[in-house]
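Lettering follows sequence order; numbering is per chain, from 1. Model, not experiment: these values are computed from the prediction.
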Protein chains: 2
Amino acid sequence: MNQKIDFLSKNQQIVLEIIEKAKEPLKAYSILFSVQKKGIKAPPQVYRALDRLIKLGKIHKIESKNAFVACKNDNCTISNATAFSICDNCEMVTEISNPKLSKYLANFEDETGMRYNKYNLEFFGLCRKCKKNKS
Amino acid sequence: MNQKIDFLSKNQQIVLEIIEKAKEPLKAYSILFSVQKKGIKAPPQVYRALDRLIKLGKIHKIESKNAFVACKNDNCTISNATAFSICDNCEMVTEISNPKLSKYLANFEDETGMRYNKYNLEFFGLCRKCKKNKS
DNA sequence: TACGCTTTGTTATAATATAACATATTAAAA
DNA sequence: TTTTAATATGTTATATTATAACAAAGCGTA
Ligand SMILES: [Zn+2]
Ligand SMILES: [Zn+2]
Ligand SMILES: [Zn+2]
Ligand SMILES: [Zn+2]
């Protein structure tokens, strides 16, 4: 039941499951509400699980929304390079998995020659559906 | 005193000034504390000024820190394309102004051919100083 | 067993942000 | 000039997001 390195604790599994089932990013307190029937009663229990799942790359935090999505990208075992597209209208979030982009960003050097070990990129625009409906 | 489109209201000027003077990103409530002597007494006054300054591109929000920095980039009149480097150790934040990067991101098309009108990119690593001190 | 480590449960509180409403200021319309 | 609409401000209260602090339980292993 305890965690070796690959395995999730009970609370972590519960939280991961609800995030994976969701079609939209979930907020911490909406997760808390949903899992109260399963015995998770207080914010720290949710936030601990979230923190751990993020470290494992199982989920990502959408910083501009304070919300959490399941990783759709099998190789995000360490979540140090994330990119998302976010619809300004319906708030749909999609994880971008684009080798060219990730290579470009992972190798990016700034003016001073500095390299980075982690990045997070959030794109905003209208998703296909919303673009259609507006036009 | 009121705002045409280029001019800032009193509260907006006060808030902008303190952010511009700061060497680090400032949190909303630390701004509130600093400006209480100038007559700004409550959170909404600060948040309104921040919102407006962001829309004008005078400041940017560092999403991963819930903190605000002055724009160092004269042409960010609309802040729809932002990139920052953030030191994991000393939390120093620098706005990246790299034409190649911004061109690359502004023109980025995802798999579905979707284009975006806005992005925010945050790089994390160790700044020069911190890297030296650690080695 | 006894120890250290991780996870869990729990209460309280800190930190971040907005709702709602009253008032004031200004610019333009009538 | 009066009226109106739009913007900015002040103010109180509250919502939302996140963490501190500490006690207890579970597990691996020496
Ligand atoms: Zn991922
Ligand atoms: Zn949409
Ligand atoms: Zn800028
Ligand atoms: Zn540093």
Side-chain angles (χ1 to χ4, degrees), chain A residues 1-19 22 24-56 58-69 86 91 93 120 122, chain B residues 1-19 22 24-56 58-69 86 91 93 120 122:
Chain A
M1 188 66 109
N2 253 12
Q3 187 155 340
K4 260 307 198 332
I5 190 162
D6 287 317
F7 294 108
L8 301 177
S9 77
K10 197 186 83 194
N11 288 359
Q12 290 157 14
Q13 281 170 6
I14 293 171
V15 170
L16 177 56
E17 197 170 299
I18 188 171
I19 295 177
E24 333 75 37
L26 295 183
K27 304 266 197 167
Y29 274 71
S30 101
I31 293 170
L32 174 57
F33 180 78
S34 312
V35 298
Q36 278 181 332
K37 56 195 91 163
K38 301 209 174 176
I40 295 180
K41 288 177 183 162
Q45 296 173 286
V46 171
Y47 280 101
R48 283 174 192 148
L50 290 172
D51 287 348
R52 179 75 181 164
L53 292 168
I54 287 171
K55 275 193 191 111
L56 295 173
K58 301 283 189 188
I59 65 172
H60 304 300
K61 181 174 185 181
I62 307 301
E63 294 286 357
S64 61
K65 298 203 166 302
N66 298 315
F68 303 85
V69 294
I86 302 169
E91 312 220 319
V93 169
N120 179 54
E122 298 182 2
Chain B
M1 188 67 108
N2 251 11
Q3 186 156 342
K4 260 309 200 327
I5 189 162
D6 287 317
F7 293 107
L8 301 177
S9 77
K10 198 186 83 192
N11 288 358
Q12 290 156 16
Q13 281 170 6
I14 293 171
V15 169
L16 177 57
E17 198 170 298
I18 187 170
I19 295 177
E24 334 74 38
L26 295 183
K27 304 264 196 169
Y29 274 70
S30 103
I31 294 170
L32 174 58
F33 181 79
S34 312
V35 298
Q36 278 181 331
K37 56 195 92 164
K38 301 208 176 179
I40 295 180
K41 288 177 182 161
Q45 297 173 285
V46 172
Y47 280 102
R48 281 173 192 148
L50 291 172
D51 287 349
R52 180 76 181 161
L53 292 169
I54 287 171
K55 274 191 193 112
L56 295 173
K58 301 283 189 189
I59 65 171
H60 304 300
K61 181 174 185 182
I62 307 300
E63 294 286 356
S64 60
K65 298 202 166 302
N66 298 316
F68 303 86
V69 294
I86 302 168
E91 313 219 320
V93 169
N120 178 55
E122 299 182 2

Next on the checklist: Restricting to side-chain contact (heavy atoms from CB on, under 4.5 Å), what partner residues turn up for B:E91, sequence neighbours left out?
Outcome noted: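 By the side-chain contact (heavy atoms from CB on, under 4.5 Å) rule, B:E91 matches B:K65.
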Checklist entry - Residues two or more places apart in sequence or in another chain: which of them pass side-chain contact (heavy atoms from CB on, under 4.5 Å) with A:E17? => result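 Here the qualifying residues are A:K21, A:K38.
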Checklist entry - Base, backbone or nothing for each nucleotide of nucleotides 8-18 of chain C, written B, S, -, heavy atoms under 4.0 angstrom, 5' to 3'? => result BBBB----BBB
Looking at residues at least two apart in the chain, or sitting in another chain, which of them share a side-chain hydrogen bond (donor to acceptor under 3.5 Å, both in side chains) with [X]?
X     : result
A:S30 : none
B:E63 : none
A:Q45 : none

Starting at [atom1] of [X] and ending at [atom2] of [N], how long is that distance when rounded to a whole Å?
X     : N      : atom1 : atom2 : result
B:K55 : D:dA8  : NZ    : C1'   : 13 Å
A:L26 : D:dT17 : CG    : P     : 12 Å
A:L32 : D:dT17 : CG    : P     : 12 Å

